[in-house]
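Note that these values count all heavy atoms, side chains included, but never hydrogens, waters or copies made by symmetry.
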Amino acid sequence: MPDTTGASYAAAGVDIEAGDRAVELMKEWVKKTRRPEVLGGLGGFAGLFDASALKNYERPLLASATDGVGTKVDIARQLGVYDTIGHDLVAMVMDDIVVCGAEPLFMTDYICVGKVHPERVAAIVKGIAEGCVLAGCALVGGETAEHPGLLGADDFDVAGAGTGVVEADRLLGADRIRTGDAVIAMASSGLHSNGYSLVRHVLLNEGGLALDAHLDGLGRTLGEELLEPTKIYSLDCLALMRTAEVHAFSHVTGGGLAANLARVIPDGLHAVVDRSTWTPGAIFDLVGRTGRVERLELEKTLNMGVGMIAIVPEESTDVALTALADRGVDAWVAGEIIDRGEHATGAELVGDYAA
C-alpha cells in the first residue's frame, strides 16, 4: 500500500523536542549572567532590560556591536569541545563595545546547527554565559536554529550582538589623542578568534599537523592551543578608565595590530609601535614557519600577541601599567603617538620582535 503518512517538521530534520530540552539545559547558565536591570527569564520572545538605570546619566550614548568567531568553530567541532567557543563570542562583541569607553550591558546570541544536540547547545551557551560574567554583561536571550540539509549534523556556527552605554562626555576616541601619548599593549591569550582560515590551511591542510600533536614550544596539544579562548578585556578596560586617564582603546582583531590601531588615530598623528618590546607566542612562529608566511602577511592577519591597546597620556603611563598589573593583565609600553602632519598614515610597526 502507498505511504499515506503526511510530511512533518521532524521528518524534514527539525527536532522541536530536542530544541526545548536544549533551552531547559541552558537556563541555569543564563541565570548566572543576570544583572539587576534584567526583567523576566529565558523563554520569552524578547529579552527585557530596565533602561530606567540610564536616568543616572547626563547624556547616555548606547553602543552596539555584533560579531561571530569565524572558522574557529571548526576546531571546536573537530575536538568535540563546545564550552569555550562562547568566551570567544563574548570577547569579540563586548571588547568592541568597550573600546569607546562603554560599559557592556546585555547580549543576545544566535546558534545555528545542523542538528540539535541538547547537551552540545547547552555547552555552547554555558561558554557564552561564562563570558558574559567575565565581561560584566547579562545574557538576555538568543535563538537556536536547526538547519538540516544546509549544515551537517555536527556543524554549527555562532553569532552575537551586544549593547553598552557610555556618558557622552566620557566617550573615548581619536579626538582625545595627542602627540606624545603612550601606546600600551595588553597581551593576547593566543590567536584569539581571527585568522583561523589561514591558520587551519597552513597547519592542518598544508602542514598535515594533527590536533592532538604535542609540538615544541606550545606546552600542550595543538588543538588545545588553537581552542584557547579569546581574552575578555572589558572589565580591565573599565577599571583602567577609573584609575588613569585614557584617550582611546583599540581592539586588535581581523586586520592585525597596525590596521586596528589606525582606526582610532586622528588625521595628522601617527602611532609608532616597536616590535622589540615583546616576543610573540610560539603559535605565531609556528604558523609563519610552517606556511612560509611573510611577516607582514602574518601581521595583517593575526594579533601577534597583542589583543588590546590603550592610548594614555605619557604622564599616566606608570599608573596605567600598575592598574593593569593589579588585575593580572600583562601590559607594557609598546610605542607612542607622534606628529607626522600630512605624511601620517595611521599606525606602523617598526624594528624586530624580541628574541
Side-chain angles (χ1 to χ4, degrees), residues 56-61 63 65 90-91 93-105 133-137 162 164-189 192 230-253 257-258 260-266 268-278 303-339 346-347 349:
N56 296 325
Y57 288 77
E58 291 291 327
R59 185 187 169 200
L61 302 179
V90 175
V93 172
M94 289 307 179
D95 284 347
D96 275 357
I97 284 176
V98 82
V99 161
C100 68
E103 175 192 356
L105 295 176
V133 171
L134 293 175
C137 66
V165 62
V166 60
E167 190 70 75
D169 63 8
R170 299 201 66 193
L171 184 68
L172 302 183
D175 61 322
R176 292 179 178 263
I177 297 175
R178 300 290 182 267
T179 301
D181 282 355
V183 175
I184 294 179
M186 301 180 214
S188 69
S189 56
H192 283 185
T230 305
K231 181 171 175 56
I232 298 174
Y233 300 93
S234 303
L235 295 183
D236 300 319
C237 291
L238 293 176
L240 181 59
M241 290 175 59
R242 292 191 296 267
T243 307
E245 182 179 352
V246 178
H247 288 167
F249 289 114
S250 176
H251 187 198
V252 183
T253 56
L257 196 162
N260 282 286
L261 181 53
R263 294 167 68 180
V264 299
I265 304 300
L269 297 186
H270 190 75
V272 179
V273 176
D274 186 352
R275 297 184 183 95
S276 70
T277 60
W278 82 97
N303 66 59
M304 301 306 290
V306 178
M308 181 71 77
I309 291 285
I311 299 177
V312 306
E314 192 278 333
E315 61 270 19
S316 298
T317 301
D318 290 342
V319 173
L321 291 176
T322 298
L324 291 170
D326 288 345
R327 293 187 59 84
V329 179
D330 182 13
W332 64 94
V333 176
E336 64 176 335
I337 305 299
I338 64 174
D339 187 346
L349 305 183

Check: So do L235 and R327 actually touch side chain to side chain, heavy atoms under 4.5 Å?
Finding: yes

Notebook entry, point to check: Once you round to the nearest 0.5 Å, how far does SG of C100 lie from CZ of R170?
Noted result: 12.0 Å

Notebook entry, point to check: Under the 3.5 angstrom rule, does the side chain of N260 hit a backbone N or O of S250 as a donor-acceptor pair?
Noted result: no

Notebook entry, point to check: Do the side chains of F249 and M186 get nearer than 4.5 Å, heavy atoms only?
Noted result: yes

Margin query: Please verify the inter-ring angle class for W278 with W332; under 30° counts as parallel, over 60° as perpendicular, anything in between as tilted.
Written below: tilted

Next item on the list: Provide the closest heavy-atom pair for M94 versus G162 in the form atom of the first, atom of the second, distance.
Entry: CE-CA, 3.8 Å

Check: Under the 3.5 angstrom rule, does the side chain of D326 hit a backbone N or O of A323 as a donor-acceptor pair?
Finding: no

Check: Which distance, rounded to the nearest 0.5 Å, do you find between the CD of E336 and the CD1 of I184?
Finding: 13.0 Å

Notebook entry, point to check: Is V306 close to S188 at the side-chain level, that is, under 4.5 Å between some pair of heavy atoms?
Noted result: no

Notebook entry, point to check: Within a reach of under 6.0 Å around CZ of R176, are more than 12 heavy atoms found that belong to other residues, nucleotides or ligands?
Noted result: yes

Check: Any side-chain heavy atom of I337 within less than 4.5 Å of one from V183?
Finding: yes

Next item on the list: Would you check if I311 and L261 make a side-chain contact, meaning some heavy-atom pair closer than 4.5 Å?
Entry: yes

Next item on the list: Might you work through the side chain to side chain contact (heavy atoms under 4.5 Å, CB included) test for M241 and L172, ending with a clear yes or no?
Entry: CA-CA 10 Å; M241 290 175 59; L172 302 183; 4.0 Å; yes

Note to self: Restricting to non-hydrogen atoms, name the atom on A65 and the atom on I97 that form the minimum distance, rounded to 0.1 Å.
What the structure shows: CB-CG1, 3.7 Å

Check: In Å and rounded to the nearest 0.5 Å, what is the NE2 to CZ distance from H251 to R263?
Finding: 10.0 Å

Notebook entry, point to check: If you look at every heavy atom in D181 and H247, which pair is closest and at what distance?
Noted result: OD2-ND1, 2.6 Å

Next item on the list: Side-chain contact test, heavy atoms from C-beta onward, threshold under 4.5 Å: evaluate it for L240 versus L324 and give yes or no.
Entry: yes

Next item on the list: Test side chain to side chain contact (heavy atoms under 4.5 Å, CB included) on K231 and D236 and set out the steps.
Entry: CA-CA 11 Å; K231 181 171 175 56; D236 300 319; 3.8 Å; yes

Note to self: For A248 versus G173, what's the shortest heavy-atom pair and its separation?
What the structure shows: CB-O, 4.1 Å

Next item on the list: Could you grab the distance from atom CG of N303 to atom OG of S189, nearest 0.5 Å is fine?
Entry: 8.0 Å

Checklist line | Heavy-atom check, side chain of E103 versus side chain of L238, under 4.5 Å | finding: yes

Margin query: For the backbone of T179 and the side chain of D339, can you confirm whether one donor and one acceptor N or O come within less than 3.5 Å of each other?
Written below: no

Item checked: Nearest-0.5 Å distance that lies between atom SG in C137 and atom CG in L105 -> 8.5 Å

Next item on the list: Locate the shortest heavy-atom distance separating T277 from D274; write the atom from each residue and the value.
Entry: OG1-O, 2.8 Å

Checklist line | Shortest non-hydrogen contact from A102 toward G164 | finding: CB-C, 4.2 Å

Checklist line | V98/M308 under side chain to side chain contact (heavy atoms under 4.5 Å, CB included): CA gap, chis, key distance, verdict | finding: CA-CA 11 Å; V98 82; M308 181 71 77; 4.2 Å; yes

Check: Any sub-3.5 Å donor-acceptor pair from E167's side-chain atoms to R59's backbone N or O?
Finding: yes

